[in-house]
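Working notes, beginning with the structure itself.
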Amino acid sequence: MKLLEVIPIMKGISREKLTYFTSKDVSVGSIVKISVRKKMISGIVLSIQEVADAKSSIKDSPYSIKKIEKINSFELVRPEFVEAAKEMANYLASSTGGVLNSIIPKSILLNADKLKTEIKKPPAIYRPYEKFILQADDEERCANYRSLIREEFAKGFSVFFCLPTIQDIKKIFEILSKGIEQYAFIIHGGLSKKEIFETWIKILSEPHPVLIIATGSFLSIPRSDIGTIIVDKENSSSYKSQSRPHLNIRKFSEILSDKIGAKLIIGDILLRTETVWRHWQGEFVEFSPLKLRSLSTAKQEIIDMKKIKDRKGESVFKIISGQLENLIKVNQENNEHMFVFVARRGLSPTTLCNDCETIVACSFCKSPTVLHRSNKENFFLCHRCGERRSALEKCSNCESWNLTPLGIGMEKVYQELNEKFPEMKIFRIDADNSPTHNTACQTIKNFYESPGSILLGTEMALVYLSEKMASTAIVSIDSFFSLPDFRINEKVLNILLKIRSYASKNFLIQTRDASQKVIEYAAKGNLAEFYREEINNRKELQYPPFSMLIKITFSGEKKKVADEMDKLEKYLDPYPVSIFPAFTPFAKGKYSMHALIKIPSGSWVDRALLEKLLNLPPFFNINVDPESLL
């Protein structure tokens with residue numbers, strides 16, 4: 001009879017591991033079915049002990065030890081993967097089971113018995129753990145990756161290429177798989193269960209080294225010869241999960257590559273400020289010389305929209321500048337493609353009462369509503385919680401009808417272009433016009449097949465662009481700067497650089513805030529100055545990389561939230577805590593507040609603080625190293 005310590009793969013379990021007994025043969029890393037709270041869930045065997053050797057611990061156990069219901073006597077994941085998950089759990093102030101639940105695909109966990117494949121031993125070659133960075137445009141990075149993959153294949157090693165989205169995977173596969181198609185595989189959550197099973201088995205069964213291009217959850221594939229893990233498009237916020245335990249794929253890849261002795265390569269057109277700082281501190285090596293000057297063949301032009309005058313010399317508000325209008329005409333005459341970026345959906349992002357200056361807000365979450373167009377009548381839509389109501393309303397504060405739409409939205413730009421260029425084909429990709437992945441794919445296909453057309457898009461559209469075009473332009477981006485987010489300058493620069501990289505002839509930026517240095521950095525490709533300024537600003541305010549942030553959120557009835565946050569502040573003493581309302585405090589009928597802990601860089605994991613966090617009730621949402629403080 002054997003006593004097993006099992007990690008339950010399930011959210012919301014406070015215990016790190018549970019104990020069960022069985023008479024069957026089992027190995028560490030095996031998948032077992034266990035009963036927890038009257039539910040059958042999966043677990044991974046962490047350790048095994050003979051009952052005869054564990055009598056004292058059984059006798060002292062405060063609960064009865066249950067029998068294992070079902071055992072799959074093979075390893076679903078490598079032991080090193082479990083070790084990486086345990087380390088990641090401490091980093092996230094979570095349980096190992098919660099991390100495993102997030103990082104192993106559900107379809108694999110639920111049908112593990114159908115995927116029995118022997119895990120081969122890794123090559124008997126010692127390789128020192130090395131971490132590299134690669135900052136360059138997409139074309140140069142791909143050239144480096146192609147050479148690396150072939151070198152790794154020649155040495156007998158496989159490569160795991162991690163990307164944040166399914167569309168990114170499809171684009172890169174076409175480039176990197178040329179010449180090695182039989183050894184290149186893509187696997188992601190967009191595939192059917194059958195396709196995932198078949199691909200998983202093919203990857204493990206292939207004797208030749210393989211290239212796996214996948215999203216982060218498939219780092220769990222127990223291929224033992226992986227010699228390099230590449231995390232590309234590192235700046236994407238999609239690498240951080242929105243739900244608990246807020247898994248960070250970038251961090252997990254770093255931990256896992258260390259455990260299995262693989263190279264780690266982090267790449268993007270603009271690496272995160274934290275990553276560049278760590279490189280300057282000697283933690284990362286340059287895979288190729290770090291590009292701190294982003295070059296482009298396109299002509300750069302910044303249009304200050306505040307300087308536009310009418311015939312009388314007075315300032316006038318315009319959506320489309322004369323320069324952009326001329327560029328569109330040339331684009332149409334030459335039958336060329338053009339991408340035009342708009343920061344926000346709808347007609348206008350904000351509506352203001354001219355009499356009392358009250359902003360029209362959502363009835364439930366109090367977020368500013370966005371004005372949208374409809375065939376019947378215009379309406380206000382909350383992009384936070386989805387509330388929709390007629391735009392024929394008075395000011396909620398003074399009951400005035402004098403409401404004025406402000407700002408530039410996608411529908412307003414579309415309307416303007418349609419009036420000025422009625423013969424031109426105009427395509428749109430945003431959450432309103434492309435609600436599904438397939439719709440967006442069809443729209444981008446139609447755009448590329450229509451010379452002389454324009455694609456209007458929000459940030460969502462950038463994932464679907466795949467080919468260079470004559471011109472790209474920014475109609476509006478200023479609204480981003482109003483967000484009180486310490487990463488916002490980096491986010492804006494990343495967007496601008498991506499849009500610029502698709503332009504072969506012209507890149508134009510319209511702005512009503514030309515004083516923003518980020519806009520100038522993007523036009524000139526001056527990344528060195530951006531990093532220097534950004535790092536100085538973050539150092540002054542003690543934001544990452546000079547601290548580790550831990551955000552704890554509680555939502556509910558307003559008074560209860562305030563009371564619980566007061567208790568939390570006292571409980572976390574002596575650690576200093578800042579308590580503040582969420583950027584949108586009311587959402588879906590609940591009030592939210594954040595508690596922020598700043599820990600000096602290099603001090604996490606702090607064992608005393610970790611213990612406190614792990615003992616918090618589950619209604620506190622803990623987010624370590626959050627993407628945003630909003």
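Between Y20 and V32, every side-chain heavy-atom pair lies at or beyond the 4.5 Å cut-off. Using a 4.5 Å cut-off on side-chain heavy atoms (C-beta onward), T22 and L4 make contact. For the pair V6 and K17, the minimum side-chain heavy-atom distance is 4.5 Å or more. Under the 4.5 Å side-chain criterion, counting only non-hydrogen atoms from C-beta, I249 is not in contact with V231. Counting only heavy atoms from C-beta outward, the side chains of P105 and S220 approach each other to under 4.5 Å. Counting heavy atoms from C-beta on, the side chains of L616 and I622 come closer than 4.5 Å. Considering only heavy atoms from C-beta on, L247 stays 4.5 Å or farther from K240 through its side chain. Contact of the I230 side chain with the C162 side chain is not registered, since no non-hydrogen atoms from C-beta on lie closer than 4.5 Å.
Contact record, V577 with A595: CG1-CB, 3.7 Å, taken as the closest heavy-atom pair. Between G556 and V561, the closest heavy-atom pair is N-CG2, 3.3 Å. Between D232 and D268 the shortest heavy-atom distance is OD1-N, 4.0 Å. In plain terms, the two heavy atoms of I495 and E459 that are nearest each other are CD1-CD, 3.8 Å. Nearest approach of F218 to H188, heavy atoms of both residues: CE1-CA, 3.4 Å. Closest heavy-atom contact between I552 and M565: O-CE, 3.6 Å.
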When you look at F161 and I169, which way does the side-chain contact (heavy atoms from CB on, under 4.5 Å) test go after all the steps? CA-CA 9 Å; F161 199 106; I169 288 172; over 6 Å; no
Under the criterion side-chain contact (heavy atoms from CB on, under 4.5 Å), I'd like the reasoning laid out for M593 against F580: C-alpha separation, chi angles, the key distance, then a yes or no. CA-CA 6 Å; M593 292 187 77; F580 56 96; 5.9 Å; no
Given I269 and K498, is the side-chain contact (heavy atoms from CB on, under 4.5 Å) satisfied, shown in steps? CA-CA 8 Å; I269 192 171; K498 284 180 180 178; 4.3 Å; yes
Can L527 and L497 be said to form a side-chain contact (heavy atoms from CB on, under 4.5 Å), step by step? CA-CA 10 Å; L527 308 188; L497 289 177; 3.6 Å; yes
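Ion pairing of E80 with R78 is present here, as a side-chain N (NZ or NE/NH1/NH2) and a carboxylate O approach within less than 4.0 Å. Salt-bridge check for R345 with D432: passed, with a basic side-chain N closer than 4.0 Å to an acidic carboxylate O. Taking a cutoff of 4.0 Å between a charged side-chain nitrogen and a carboxylate oxygen, R250 and E254 do not qualify as a salt bridge. A salt bridge is defined here as a Lys NZ or Arg NE, NH1 or NH2 lying under 4.0 Å from an Asp or Glu carboxylate O, and R538 with E490 meets this definition. Contact check on E274 versus R278 returns no salt bridge, with no Lys/Arg side-chain nitrogen under 4.0 Å from an Asp/Glu carboxylate oxygen. Using a cutoff of 4.0 Å between basic side-chain nitrogens and carboxylate oxygens, D563 and K559 are scored as salt-bridged.
Judged as a ring-ring contact (aromatic ring centres under 6.0 Å, His included), the pairs with a partner in residues 611-630 (not counting sequence neighbours) are, in order, F554-F619, F554-F620. The salt bridge (charged side-chain N to carboxylate O under 4.0 Å, His left out) analysis of residues 594-615, with sequence neighbours excluded, yields no pairs.
For the pair D485 (side chain) and S628 (backbone), a donor-acceptor distance under 3.5 Å is absent. Formation of a donor-acceptor pair under 3.5 Å by the S236 side chain with backbone atoms of K233 is not found in this model. Between the side chain of E195 and the backbone N or O of S192 there is at least one donor-acceptor pair closer than 3.5 Å. Checking side-chain atoms of E50 against main-chain N and O of L3 turns up no donor-acceptor pair under 3.5 Å. Within the 3.5 Å criterion, the main-chain N or O of G98 finds a donor-acceptor partner in the side chain of S102. At distances below 3.5 Å, at least one donor-acceptor pair connects side-chain atoms of R223 with backbone N or O atoms of I203. Checked by atom type and distance alone, the side chain of R244 pairs as donor or acceptor with a backbone atom of P618 at under 3.5 Å. In this structure, S241 contributes its side chain and S243 its backbone to a donor-acceptor pair below 3.5 Å. Checked by atom type and distance alone, the side chain of T199 never pairs as donor or acceptor with a backbone atom of I187 at under 3.5 Å.
I260 contributes atom CD1, which lies 4.5 Å from atom CG of L256 (distance to the nearest 0.5 angstrom). Note: L163 CG to I186 CD1 = 11.0 Å, rounded to the nearest 0.5 Å. Between the OG atom of S217 and the CG atom of N101 there is a distance of 11.5 Å, given to the nearest 0.5 Å. A distance of 7.0 Å separates CG in L549 from CG in D625, rounded to the nearest 0.5 Å. The distance from atom OG of S434 to atom CE of M460, rounded to the nearest 0.5 Å, is 5.0 Å. Here the straight-line distance linking atom CG of N494 with atom CG of N489 works out to 12.5 Å at 0.5 Å rounding.
A side-chain N or O of K33 and one of S42 form a donor-acceptor pair less than 3.5 Å apart. Checking N621 against H246 by side-chain atom types alone, a donor-acceptor pair falls below 3.5 Å. Donor-acceptor pairing under 3.5 Å is recorded for the side chains of H594 and T553. Side-chain N/O atoms of K491 and N235 include no donor and acceptor closer than 3.5 Å.
Remark: R487 fails to qualify as a cation-pi partner of Y543 under the 6.0 Å distance and 45° angle criteria applied to the six-membered ring.
Exactly one residue among F546, Y531, F284 makes a ring pair (Phe, Tyr, Trp, His ring centres under 6.0 Å) with W277. That residue is F546. Results of the side chain to side chain contact (heavy atoms under 4.5 Å, CB included) test with F81 over I221, I44, L76, I103 single out I103 as the only residue that passes.
A 6.0 Å sphere centred on NZ of K193 holds no more than 12 heavy atoms belonging to other residues, nucleotides or ligands. Counted within 6.0 Å of CD on Q242, heavy atoms from surrounding residues, nucleotides or ligands total 12 or fewer; the atom is thus considered open. The environment of K590 atom NZ is sparse: at most 12 non-hydrogen atoms of other residues, nucleotides or ligands sit within 6.0 angstrom.
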